[in-house]
S.K.: 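The structure's right below; bear with me while I get my questions together.
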2 protein chains.
Amino acid sequence: MNNSSRFTVAIHTLTLLAHSGPDPITSEYIAGSVNTNPVVIRRLLASLRAAKLVSSQGGPGGGWQLLKDPRRISLRDVLNAVEGSSFFALHSTVPNPLCPVGRTIQSLLAGPFKSAQEALEQDLERTTIAALAERAKG
Amino acid sequence: MNNSSRFTVAIHTLTLLAHSGPDPITSEYIAGSVNTNPVVIRRLLASLRAAKLVSSQGGPGGGWQLLKDPRRISLRDVLNAVEGSSFFALHSTVPNPLCPVGRTIQSLLAGPFKSAQEALEQDLERTTIAALAERAKG
DNA sequence: GCCAGAGTACTCGGATAATCCATGTCCGAGTGCGTACGG
DNA sequence: CCGTACGCACTCGGACATGGATTATCCGAGTACTCTGGC
């Protein structure tokens, strides 16, 4: 759970798309607002495109645009798009099955982890991209 | 928020300490149960020690032991110890202040992020290290 | 004036280098126990 | 027999390599607009 800023940058990008209106904007322009490299934006948007949140178009006048109404895109959707389904990672190596704790810890943690993730996502669902874009406009 | 297993390994280690009784156990032994390198355990336990959850002792018969009653250590405490206070990371570089979105996005996200983190931690508080150790024992 | 064609500028997408972070290895510092020696 | 001092084994802690992943740079592929030439 080493905090990377992928989630934040994804929200930033989607808010920028919602803020800019229907015309597509380029990854270079987005990178200018986020203050990073365009390729980072492209890779991030590629996962958002896989989640059917945005589309891309090459050529002059091309760029990226929203596929869904920003009022119907919640932070929960964004998190799932950029982080995958399982939020808490289990051990990277298999614990020692000869140890009573190592043998059972993963199954013991499954419940609390799932519950915590659900609580997190339900809270994130309260905020939409449209709400963020609206506040940035005002 | 690239999922690392620090949180899981920390829980595993504390559960092992609670399970093993009052005598200190070594980082090498813990590493055997987690199936990783002892130095990884030491670095992780160093942050748990900073949170006053465990203590370390060198020399023969030394090792690590709990400083608090495991019934009073919740997963919330563990998360705060290993991940720091802020769970969601903001941008690693400063967004462009000339952009309306870039200028405001961080302050706009502060509220939802804090709320989501609070929801997450309240759920994690329901599970204690003692409960996990008890289940591993049975 | 209008249409067709080539040319050009722009954007994404993938391949390849460079950088950064996490992990692993090694050696030193400190501690406690055991042992041996002297009283 | 008892106390003290030395030595040794054990454990943590920090410094230095190593591997993988993330990030940055470069070049190619595709598209839409524009300009030019001909009718």
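All values reported here derive from a predicted model rather than from experimental measurement. Note on naming: letters A, B, ... go to the chains in the order of the sequence lines (proteins, then strands), and numbering restarts at 1 for each one.
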S.K.: Do S56(B) and R49(B) meet the criterion of a side-chain donor-acceptor pair at a distance under 3.5 Å?
M.R.: yes
S.K.: Does dT11(C) have OP1 or OP2 sitting under 4.0 Å from an N or O in the side chain of S56(A)?
M.R.: no
S.K.: Run the numbers on L67(B) and V54(B) for side chain to side chain contact (heavy atoms under 4.5 Å, CB included), then give the verdict.
M.R.: CA-CA 5 Å; L67(B) 274 181; V54(B) 299; 5.6 Å; no
S.K.: Respond yes when some side-chain nitrogen or oxygen of S92(A) is under 4.0 Å from OP1 or OP2 of dT23(C), and no when none is.
M.R.: no
S.K.: Side chain of V40(A) only, heavy atoms from C-beta on: which candidate in dC12(C), dC12(D), dA24(D) is closest?
M.R.: dA24(D)
S.K.: Side chains of R71(A) and T128(A): is there a donor and an acceptor less than 3.5 Å apart?
M.R.: no
S.K.: OP1 or OP2 of dG13(C) sitting under 4.0 Å from any side-chain N/O of S27(A)?
M.R.: no
S.K.: Tell me which of G63(B) and T36(A) sits closer to the 5' end of DNA chain D, going by the nucleotide each one is nearest to.
M.R.: G63(B)
S.K.: Phosphate oxygens OP1/OP2 of dG13(D): is one of them under 4.0 Å from a side-chain N or O of R49(B)?
M.R.: yes
S.K.: Assess whether a salt bridge exists between R76(A) and E118(A), defined as any Lys/Arg side-chain N lying under 4.0 Å from an Asp/Glu carboxylate O.
M.R.: yes
S.K.: Using a heavy-atom cut-off of under 4.0 Å over every strand shown, decide if G61(A) touches base, sugar-phosphate, or nothing.
M.R.: nothing
S.K.: Check if the side chain of R43(B) and the base of dG24(C) share a donor-acceptor pair of N or O atoms closer than 3.5 Å.
M.R.: yes
S.K.: If you check the N37(B) side chain, which of dT11(D), dG24(C), dA24(D) turns out closest?
M.R.: dG24(C)
S.K.: Counting only side-chain N and O atoms of R42(A), is one of them less than 4.0 Å from OP1 or OP2 of dG13(C)?
M.R.: no
S.K.: Within the pair Q57(B) and dG32(C), is there a side-chain N or O less than 4.0 Å away from OP1 or OP2?
M.R.: yes
